[in-house]
Engineer: 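Structure in structure tokens, see below.
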Amino acid sequence: MTIAQIEHNLQALFTNFQQEEFIYQLLLAYGHRQATIVRLKSGDRNLSKIAGEIDWKKTLFFKSIDLEGIEQIKDIPNFQGFLKHDPRFVILTDYTKFLAFDTKTEESLAIALEALPKHYDFFLPWAGIEKATLQQENPADVKAAEKMARLYDEIRKDNQTDAPTAEEVHNLNVFLSRLLFCFFAEDTGIFEKSQFSIDLKNHTQEDGNDLDSYLDRLFAIMNQPFAERDAALPKHLANFPYVNGGLFRHLHHAPRFSRKSRTLLLECGDLDWAAINPDIFGSMIQAVVTPEHRGGMGMHYTSVPNIMKVIEPLFLNELKEEFENAKGNLKKINELLKRIWRIKIFDPACGSGNFLIIAYKELRKLEMAIFKEIDRINQTFSTQFSGIQLNNFYGIELDDFAHEVAILSLWLAEHQMNQAFFNEFGRIKSPLPLQSNGNIVQGNACRLDWEKVCPKNPDDEIYILGNPPYLGARMQNISQKNDISLVFKNLTDAKKIDYISCWFYKASTFISNINSKYSFVSTNSICQGEQVSLLWPLLLKNNLEIFFAHQSFKWENNAKETAGVICVIIGLRNCDNSKPKLLFKNDIKFNVKHISSYLTNSKNIYIERQSRPLSGLPIMDYGNMAIDGGGLLFLPEEKNILIKEYPEAQGFIRKVLGAQEFLKGIQRYCLWVENSQLNQALNIPIIRNRIEKVREFRLSSTDTGTKVLAEKPHQFREMKYSQKISIIIPTVSSERREYIPIGVVEPDTVIIAPNQVIYDPEIWIFSVIHSEIHMTWVKAVAGRLKTDYRYSASLCYNAFPFPPISEAQKQELEERAYGILETREAYSEKTLAQLYDPDKMPAELREAHRQNDLAVERCYRSKPFESDEERLEYLFKLYEQMIEEEQTKGTLFAVEKKPKKKK
């Protein structure tokens with residue numbers, strides 16, 4: 001079915017819309033057969049027996065449901081339950097709003113139902129048209145990855161390895177690497193053309209029952225020099241060359257095969273493996289590593305376009321620019337050639353070698369361009385071979401097998417580039433037997449001496465690069481925590497930093513005062529929140545600077561199951577003001593004077609946590625913590641039952657406000673009993689039972705503090721509320737929002753943790769923290785949950801620089817605050833989540849905020865700011881000035897670092 005037909009079908013669906021037929025018509029619109037839909041209607045394929053619900057295994061979960069207050073499909077409490085039978089798509093609708101989720105790409109759709117025809121592409125996989133999530137990848141790589149993954153899945157079925165042991169996984173990885181080599185060899189001139197595939201097809205049974213013994217015998221032969229082979233060996237086997245290099249050295253029995261898996265194996269052989277990037281090996285490994293090990297040892301498998309984001313600004317663009325400037329000048333060309341031959345590339349978390357391979361290939365391509373230019377200048381053909389040696393490529397990898405594959409992959413990359421060299425210049429080196437090339441060391445990069453792995457010589461030019469493992473403090477195991485303690489011996493708060501910080505610190509130490517630079521892909525958390533002031537002074541202390549950076553983006557890889565995470569790319573060098581600095585935002589490049597540790601276009605400064613507001617603003621507190629096992633909280637229907645049976649309980653019930661209640665207008669209540677009211681409250685059986693439930697929950701805890709709270713089971717840990725008003729600030733807020741939704745709450749409403757609260761403030765405070773300039777500050781210094789903002793009092797509020805203002809200015813801010821609140825009231829039918837959705841924000845509310853923004857910024861200066869960069873530069877300078885003033889007065893409220901406990 002064509003896309004044009006699908007579009008036509010969707011238009012027709014809405015022209016004659018029938019609610020009860022909607023989902024079936026939608027499936028038909030994408031080419032599902034009428035007979036299949038008839039069976040689905042009859043319940044034949046529907047695993048659900050609930051009216052209005054369809055659970056079609058591996059295809060669809062559909063439910064007609066009330067979506068009032070629901071903005072995103074994952075907001076549904078039982079969302080995970082919809083995935084029980086592995087549907088490709090989940091669809092929820094109330095026939096006004098339409099929510100959908102693609103479980104393969106993890107993309108969401110949240111639209112008005114009538115807008116569905118505009119989003120026809122979302123369900124194209126139903127029509128056999130997968131969305132192009134890898135547009136920039138080499139199509140041959142993607143196809144090979146999928147084919148090999150299918151083969152692996154089938155082999156697991158044949159060998160009943162639903163829960164393979166580590167040894168079985170290792171054996172299967174070795175086997176797949178041998179297959180990959182054979183496919184590669186028969187398409188690139190190492191073997192005769194299609195030698196492996198043809199021999200396999202002609203000398204094994206179609207049902208696959210003898211394929212494992214055939215492969216065991218063949219792989220053993222490839223490990224034998226011709227002189228040592230049995231003279232009676234069949235010619236078709238004797239014709240295979242001696243490979244050596246360790247790939248076939250050890251005995252690893254091939255798995256059993258079936259007719260289907262043999263067919264898949266032959267289909268893999270039909271691919272053009274000459275077009276495959278050797279870095280596909282990494283993707284192959286990830287496809288077979290068991291899920292609990294996936295990424296667990298820092299093995300990251302990265303797509304070529306993303307690797308180029310690292311190596312181009314690190315060194316490649318500079319070399320290419322030097323080449324362009326040297327064209328026509330033989331002396332300069334030869335100097336560049338010698339420079340390239342001296343370059344060392346070092347990946348201290350190399351996995352299966354992706355970064356090293358791409359760096360090697362790019363240098364070889366540049367070298368060939370240089371040879372062509374030399375021939376052009378000399379009007380002759382040189383007889384030189386490549387001077388780029390694999391021995392100049394260094395790596396450290398924790399996993400033993402990935403370390404072996406990295407060595408093999410580098411060799412394949414060398415052979416591939418030698419083939420390209422032959423096609424260009426007509427000369428080539430013999431590919432066999434394999435040589436052990438590349439300086440890839442197996443071990444723990446946090447504990448090895450990097451200078452022993454990659455020695456530093458006076459004439460060397462060394463580039464360190466890679467994608468080390470990123471694990472937050474809560475995700476680290478004991479060994480990783482010990483690694484951090486070893487690397488950061490003198491850092492008191494080392495336990496708070498990300499595991500990847502070890503690589504940054506060791507790289508900063510390595511490149512100091514030599515001709516070297518480094519760049520790593522990292523989790524964005526090391527450039528946010530408290531980690532900045534903990535880590536970056538150590539990284540930059542030896543006269544280093546950030547010379548390029550990619551701000552937060554979703555990092556993808558080309559393995560079977562791409563695991564996108566939010567990353568940054570950061571490049572460091574010894575300070576050099578003569579060369580430009582590059583800041584990338586959404587892949588748009590900006591030339592800047594400075595790049596701060598927050599990856600902003602500003603001078604470097606470290607924002608430290610403050611225990612009290614630096615600007616004299618009122619105290620921001622944490623919401624009340626229940627720690628109750630649900631005993632103190634009531635749903636509306638539970639509250640109503642209580643009041644109906646015991647009207648006197650009304651005095652013990654208060655409205656409760658958490659982030660979900662605040663943003664989505666959800667009603668919830670809590671038990672609020674002062675000590676003086678306890679005996680009266682205990683006379684009400686429902687309340688007495690609730691209090692006992694809380695006591696039991698707290699006593700069952702292993703936490704000492706929680707056990708102590710069992711002494712007052714009728715209360716929250718804190719009992720804080722306002723006499724007048726409170727300002728509530730959700731701790732986590734979507735990065736999509738232009739403003740974090742902030743609210744003014746009436747007295748006697750209990751605000752619960754983890755929300756931040758200002759109790760009984762003046763209303764102009766709402767204006768200040770709901771402004772664009774405050775959001776600019778939050779974006780720079782706040783921590784993140786993925787890419788969402790994590791608002792903390794100590795960094796976002798207490799450290800926020802705001803100048804003293806006059807009563808007249810306070811009056812204006814108060815008016816602007818009421819302007820925002822009154823505009824919200826005009827849209828009382830909408831939740832705050834809806835009002836602050838950037839795609840749906842009413843124009844009147846946006847204008848009210850604009851007026852507020854201008855009023856707040858006039859408190860800083862009369863001239864309006866022209867950009868966030870200008871705002872941030874001003875804020876950082878003011879922060880620095882205020883810190884100096886506080887230090888002079890001796891009134892600084894910096895959060896004290898706790899001393900280490902004595903052992």
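Please read these numbers as outputs of a predicted model, since none were measured by experiment. As a basis for the values below, the full set of heavy atoms in this structure was taken, side chains included, without hydrogen atoms, waters or symmetry mates.
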Engineer: Holding to side-chain contact (heavy atoms from CB on, under 4.5 Å), I want the full list of residues that pass it with V745, two or more places apart in sequence or in another chain.
Structural biologist: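 So V745 forms a side-chain contact (heavy atoms from CB on, under 4.5 Å) with L657, S726, I728, T749, I751.
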
Engineer: Determine the minimum heavy-atom distance between T600 and S596, stating which atoms define it.
Structural biologist: OG1-OG, 2.6 Å

Engineer: For K779, I'd like to know if atom NZ has over 12 heavy atoms of other residues, nucleotides or ligands within 6.0 Å.
Structural biologist: yes

Engineer: What about the rings of W672 and Y721, do their centers lie closer together than 6.0 Å?
Structural biologist: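 Yes, the ring of W672 comes within the 6.0 Å limit of the ring of Y721, centre to centre.
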
Engineer: List for me each residue that meets ring pair (Phe, Tyr, Trp, His ring centres under 6.0 Å) alongside F101, sequence neighbours excluded, and say none if there are none.
Structural biologist: F79

Engineer: Taking salt bridge (Lys or Arg N to Asp or Glu O under 4.0 Å) as the test, write out the residues that go with K810, two or more places apart.
Structural biologist: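 Applying salt bridge (Lys or Arg N to Asp or Glu O under 4.0 Å) to K810 gives E807.
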
Engineer: With sequence neighbours excluded, what pairs up with K840 under the salt bridge (Lys or Arg N to Asp or Glu O under 4.0 Å) test?
Structural biologist: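 Result, salt bridge (Lys or Arg N to Asp or Glu O under 4.0 Å) vs K840: E71.
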
Engineer: Could you tell me whether E772 and R871 have a side-chain N and a carboxylate O separated by less than 4.0 Å?
Structural biologist: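 Judged by the 4.0 Å cut-off on N to carboxylate O distance, E772 and R871 do form a salt bridge.
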
Engineer: Less than 4.0 angstrom from a charged side-chain N to a carboxylate O is my criterion; do K724 and E746 meet it?
Structural biologist: no

Engineer: If the condition is side-chain contact (heavy atoms from CB on, under 4.5 Å), which residues does F652 pass it with, not counting sequence neighbours?
Structural biologist: L671, V673, Q677, Q680, A681, I684, I687

Engineer: Between R690 and E638, is the closest basic N to carboxylate O distance under 4.0 Å?
Structural biologist: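 Salt bridge flag = yes for R690 with E638.
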
Engineer: Checking K655 against Y669: charged group under 6.0 Å from the ring centre and within 45 degrees of the axis?
Structural biologist: no

Engineer: For L821, which residues count as a side-chain contact (heavy atoms from CB on, under 4.5 Å) partner, sequence neighbours excluded?
Structural biologist: V744, I763, F766, Y818, R824

